[in-house]
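To start, the structure under review is shown below, and the notes come after it.
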There are 2 protein chains.
Amino acid sequence: MLHVAEAARVSVATVSALLNGTATVSPELTQRIEQAIRDIGYKRNAIARSLKMGTTRTIGLTVPHITNPFFTDVVSVIQQAFDRAGYAVMLCCTDEDLNTQDEQIRLLLDRMVDGLIVARVGDGGILKGIVEDANVPVVLLDRLCEGVDTDAVVLDNQRAVFDAVTYLIHLGHRRIGYITGTSDISPMHDRMIGYREALQAAGLPVAEELVRSGNFHEIDGYNATMQLLSLHDRPSAIFSANNPMVIGTMKAIRDIGLNCPEDISVACFDDFPWSDVFAPQLTTVAQPVQAIGEQAASLLLDRLAGNRDAPPRKLVLKGRLMIRNSCRPLGAVAQTVSA
Amino acid sequence: MLHVAEAARVSVATVSALLNGTATVSPELTQRIEQAIRDIGYKRNAIARSLKMGTTRTIGLTVPHITNPFFTDVVSVIQQAFDRAGYAVMLCCTDEDLNTQDEQIRLLLDRMVDGLIVARVGDGGILKGIVEDANVPVVLLDRLCEGVDTDAVVLDNQRAVFDAVTYLIHLGHRRIGYITGTSDISPMHDRMIGYREALQAAGLPVAEELVRSGNFHEIDGYNATMQLLSLHDRPSAIFSANNPMVIGTMKAIRDIGLNCPEDISVACFDDFPWSDVFAPQLTTVAQPVQAIGEQAASLLLDRLAGNRDAPPRKLVLKGRLMIRNSCRPLGAVAQTVSA
DNA sequence: AACGCTAATCGAAACGTTTCGAATGTGTCA
DNA sequence: TGACACATTCGAAACGTTTCGATTAGCGTT
């Protein structure tokens with residue numbers, strides 16, 4: 001900017017004023033400055049600007065795994081929304097590890113991000129302190145966090161699983177296996193409640209041996225399914241509360257020599273683009289990823305626009321059961337039901 | 001830092017020296033400073049540091065679509081690699097649009113990213129000038145760019161498609177439909193060559209009506225497939241050069257009432273986690289995403305470590321044909337071949 | 001002719017670091 | 001005892017902006 005000012009024979013203050021429109025600059029100087037900018041190929045340094053202004057027009061976004069199709073989609077939507085608003089997005093993957101998350105959040109804060117969208121992990125770690133300090137607005141994504149009272153966008157997980165399991169029950173299933181991620185995060189917790197309540201509402205017992213938990217990965221779904229399928233009285237249906245784990249479920253079913261849906265019905269959380277082109281077409285609970293991403297972005301953008309004092313807002317969106325053909329009616333029991 | 005210095009009764013220069021280890025600080029002052037840092041909860045401001053040092057320890061990464069599973073995986077690997085190295089990653093999606101890409105690259109450069117990894121779009125736009133200025137190291141990912149002479153990691157696309165199409169020919173297929181993205185980017189161009197060469201090597205004609213191109217989206221694959229299937233002499237196999245488009249292909253096959261692989265064989269580019277759990281299990285060309293991401297990261301990290309003058313390095317990795325069951329041998333012709 | 005008003009421009013401080021050269025103190029050696 | 005080397009510490013400039021208050025010039029009023 002100094003060079004521009006010299007070339008245009010004005011002060012840097014005038015150049016800055018012109019660039020920011022913070023004061024009127026005479027046509028003559030405007031012309032000289034613009035010429036100088038073109039000649040020199042000047043680009044304003046956003047770092048210096050950030051230092052002075054205390055704002056970086058950059059936000060931080062952390063998710064557990066970007067390869068989970070739910071997060072892929074949401075990240076994509078969020079990225080687009082902030083792009084439109086002229087913000088850059090720093091993306092971090094925490095790998096479901098609290099220490100990693102803490103480290104990355106620190107890294108983001110060091111870089112003075114203006115805001116944070118977090119699909120948190122573990123108990124939230126340093127998140128609590130950050131929200132309390134209230135210097136940087138935080139929006140929780142997909143997962144609430146106990147003791148962290150801030151804006152959030154989540155699904156009505158309990159209801160979504162309740163509906164899905166109720167659907168299985170209506171098909172005649174009585175022993176329904178349930179595969180969950182670690183229950184320290186709110187969606188897994190709520191989904192589990194939905195499962196139990198659906199069984200209870202139908203007057204069915206909750207058999208603890210039918211509930212298995214793993215660490216969100218394909219292999220965990222595989223192992224959990226193997227265990228379920230080797231029970232002496234094995235379930236006739238399996239609901240997987242997590243998308244990557246259902247791949248493991250399908251592989252386990254295949255490896256053990258069974259077929260879906262003939263031998264065992266499967267439904268799972270999170271829809272994905274392939275779900276209705278291959279066989280079996282998986283029955284899933286689809287999350288409104290577009291809305292989730294957009295709402296999270298707009299909550300944060302609203303805070304960034306200066307609306308800091310409004311009380312925390314929690315948005316709860318509804319899932320949608322996409323019924324396809326991976327769950328079959330159980331003949332005998334179906335008759336019992338219709339009898 | 002000023003506050004720390006005051007609290008510890010030293011100068012800011014001493015605090016800085018201690019923090020950076022740029023000079024020896026006596027045990028006594030070290031102790032006082034560390035105490036003050038703890039008391040105040042001081043965190044070094046990375047923006048001010050960046051301004052002074054001219055480096056942000058942040059890189060920019062642009063891809064056309066993060067929802068394309070190939071890019072999802074590569075982004076994930078790259079993100080992890082830079083995370084390990086203490087760098088932050090700014091992610092941008094260009095939506096296959098050159099103007100968007102130019103804008104985002106400008107945004108990244110304004111923010112003084114130390115380096116750039118770009119899966120470019122169109123003719124590269126301002127990329128050429130940036131590489132020539134040589135202020136910011138650039139690594140091309142997945143796609144070379146004419147006139148842009150810099151580090152790159154790409155696949156041997158021609159060979160990969162040659163192998164895949166040759167495989168189809170060995171199965172007895174003679175009329176093989178080919179669905180491609182717009183050919184202005186190097187992988188699409190090279191893959192097309194691989195297709196043509198495989199046919200020529202087998203002494204088969206290249207029928208232009210069997211080649212369809214679209215814009216990388218599912219719907220484009222759908223339309224292209226519909227066109228292919230409504231030819232009076234329709235192909236017995238389809239190769240889709242792009243992963244999202246193959247979803248459209250499968251949907252078109254289903255909608256038209258055909259089955260894969262009984263009525264038509266399908267193979268495509270890019271593997272994905274689900275490819276071997278559903279039916280048909282798709283035969284794909286798998287890219288070594290882990291290696292691609294790691295190599296791209298390490299090329300850039302090497303430049304960032306100061307190795308600026310080495311000539312541009314181009315890494316060409318090999319794809320791997322994952323043969324599953326979405327392509328069937330053509331009985332009659334197979335006999336001809338074996339005769 | 002003196003005054004105040006507005007518009008345009010500018011000088012200089014500030015943002016929070018790093019870094020260079022200077023200053024200070026301490027110990028060693030002739 | 002004086003000179004010198006060495007270890008520590010510090011003051012101040014610099015990075016490239018923004019912004020505040022001051023300055024100047026031009027103009028209409030009285």
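Chain A is the first sequence line, chain B the second, and so forth, proteins listed ahead of strands; every chain is numbered from 1. Side chains included, hydrogens not; waters and symmetry mates left out as well; all remaining heavy atoms used.
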Tell me whether the OP1 or OP2 atom of D/dC15 has a side-chain N or O from B/Arg49 closer than 4.0 Å. no
Starting at the 5' end of DNA chain C, which residue's closest nucleotide do you reach first, A/Pro27 or B/Leu19? A/Pro27
Thinking salt bridges, do A/Arg313 and A/Asp302 make one under a 4.0 Å N-O criterion? yes
Electrostatic pair B/Lys314-B/Asp151, nearest N-O below 4.0 angstrom: no
A/Asp110 CG to C/dG16 C1', straight-line distance once rounded to whole Å: 13 Å
Are A/Asp110 and B/Lys43 ion-paired here, with the side-chain N under 4.0 Å from a carboxylate O? yes
In whole angstroms, the gap separating P of D/dT8 from CG of B/Leu29 amounts to 10 Å
Among the nucleotides D/dT18, C/dG16, D/dC10, which one has an atom lying closest to any side-chain atom of A/Asn20? D/dT18
Rounded interatomic separation in angstrom, taking CZ from B/Arg9 and C1' from D/dT9: 15 Å
What is the nucleic acid contact for B/Ile47, judged by heavy atoms within less than 4.0 Å: base, sugar-phosphate only, or nothing? nothing
Looking at the side chain of A/Met53, which of C/dG16, C/dA8, D/dT19 is the nearest nucleotide? D/dT19
Whole angstrom value for the distance that separates C1' of D/dA7 from CD of B/Glu28: 15 Å
Can you see if the side chain of B/Asn45 gets near the phosphate of C/dC15 - specifically, an N or O under 4.0 Å from OP1 or OP2? no
For DNA chain D, whose closest nucleotide is more 5', that of B/Ala13 or that of A/Val15? B/Ala13
Rounded to the Å, how far apart are B/Tyr42 OH and C/dT17 C1'? 7 Å
Which whole-number value in Å describes the distance from A/His3 NE2 to D/dG16 C1'? 11 Å
If I take atom CG in residue A/Leu18 and atom C1' in nucleotide C/dC10, what distance separates them, rounded to the nearest angstrom? 15 Å
Under 4.0 Å, heavy atoms only, any strand: does A/Leu2 hit a base, just the sugar-phosphate, or nothing? nothing
Which nucleotide wins on minimum distance to the side chain of B/Ser16, given the candidates C/dG16, C/dG11, C/dT19? C/dT19
So which heavy atom on B/Leu51 is nearest to which on A/Ala48, and how close? CD1-CB, 3.7 Å
Heavy-atom nearest nucleotide on DNA chain D taken for A/Thr22 and for B/Val10; more 5' hit belongs to B/Val10
Testing D/dT18, D/dG11, D/dC15 for proximity to the side chain of B/Lys52, the answer is D/dC15
With a 4.0 Å cut-off, would you call A/Glu132 and A/Lys128 a salt bridge? no
Establish, yes or no, whether the cationic atom of B/Arg143 lies under 6.0 Å from the six-membered ring centre of B/Phe216 and within 45° of the ring axis. yes
Which whole-number value in Å describes the distance from A/Arg44 CZ to D/dG16 P? 15 Å
Nearest to the side chain of B/Met1, heavy atoms from C-beta on, is which of D/dT18, C/dT18, C/dG16? C/dT18
For A/Val12 and A/Ala23, take the nucleotide of DNA chain C holding the closest heavy atom to each; which residue's nucleotide lies nearer the 5' end? A/Ala23
Of the listed C/dT18, D/dT8, D/dG16, the closest approach to the B/Ser26 side chain comes from D/dT8
Is the shortest side-chain N/O distance from A/Thr14 to OP1 or OP2 of C/dC10 below 4.0 Å? yes
